[in-house]
Amino acid sequence: DLKRFHDLSVRLSSNLELQRLLNDVLTSIAALQKTDLAMLLLLPERSSKTLQVATFAGFTEQQIKSFGELPASFFSPERRVLIEDIEKSGTYFPFVDAATEVGFRSVFSMPIVNTRGDALGVVVTFFRKPHTPSDRQSRLVELYARQAANALDNARLYHDSLQTLAAEQQRTAVLRSLAEASVKINSVFALDSLLQVITDQARNIIGARQALTTLLPRGA
């Protein structure tokens, strides 16, 4: 168990590509629980009422769609959810049609919560027969989910930093283009040539295929 957890930790800490990271987490948790059906659901925002499917295993795209909306009130990002047998009398399960289509009888979900206590999402595993995870499995899935939360935070921070860097690079390029345009504009004195330079430089800076400059009559 420790070796498996260590291997997952190493893989997650060495990878900052978000989708690959999510796939790795889900595959590892499904293998741990010996099931071929699993979903990883994320909260788009902390206040969101529904979860979004980030990745899945064992389902088709059409089967995922058959679930419809996935309410955070059922797949809770704050507590474990266990349904030992969907078909047991008195059991509430809002996705009975999906269960019948896919062929599963039991559901277990574990919240993904980071070290600050922020709920990020849920890992859900499905079983084709009535099932109750052992205490060992539950503890390990919780450890995996905590590790996933840390890796998810790191990947998001990395993604945000790349976006910030790209925006700064774009801003620098625009400022450089404006400086070059200023030099060219100030070196031209004929009106027609000046308007042509302004038009050409504006088109280059914006990245447009075509551009035109209009001049209002004096006093208009």
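Of all non-hydrogen atoms in P111 and P77, the two that sit nearest each other are CB-O, 3.2 Å. Nearest approach of L41 to V53, heavy atoms of both residues: CD2-CG2, 3.7 Å.
For the atom pair NE2 (H131) and CG (L82), the distance works out to 8.0 Å, reported to the nearest 0.5 Å. Rounding to the nearest 0.5 Å places CD of E69 at 10.5 Å from CD of Q52.
When atom types are taken as modelled, the side chain of T35 and the backbone of L37 share a donor-acceptor pair closer than 3.5 angstrom. A donor-acceptor contact shorter than 3.5 Å links the side chain of S66 to the backbone of Q63. The backbone N or O of S182 sits less than 3.5 Å from a side-chain atom of N186, completing a donor-acceptor pair.
Side-chain contact of Q196 with D192: a donor-acceptor pair under 3.5 Å is absent, judged by distance alone.
By the 6.0 Å contact criterion, CD on E61 is open, its count of non-hydrogen atoms from other residues, nucleotides or ligands being 12 or less. Counting non-hydrogen atoms of other residues, nucleotides and ligands closer than 6.0 Å to CZ of R80 gives a total above 12.
No single ILVMFWY cluster, assembled from side-chain heavy atoms under 4.5 Å apart, contains both L51 and V113.
In this structure, I64 and M39 have side chains that are in contact, with non-hydrogen atoms separated by less than 4.5 Å.
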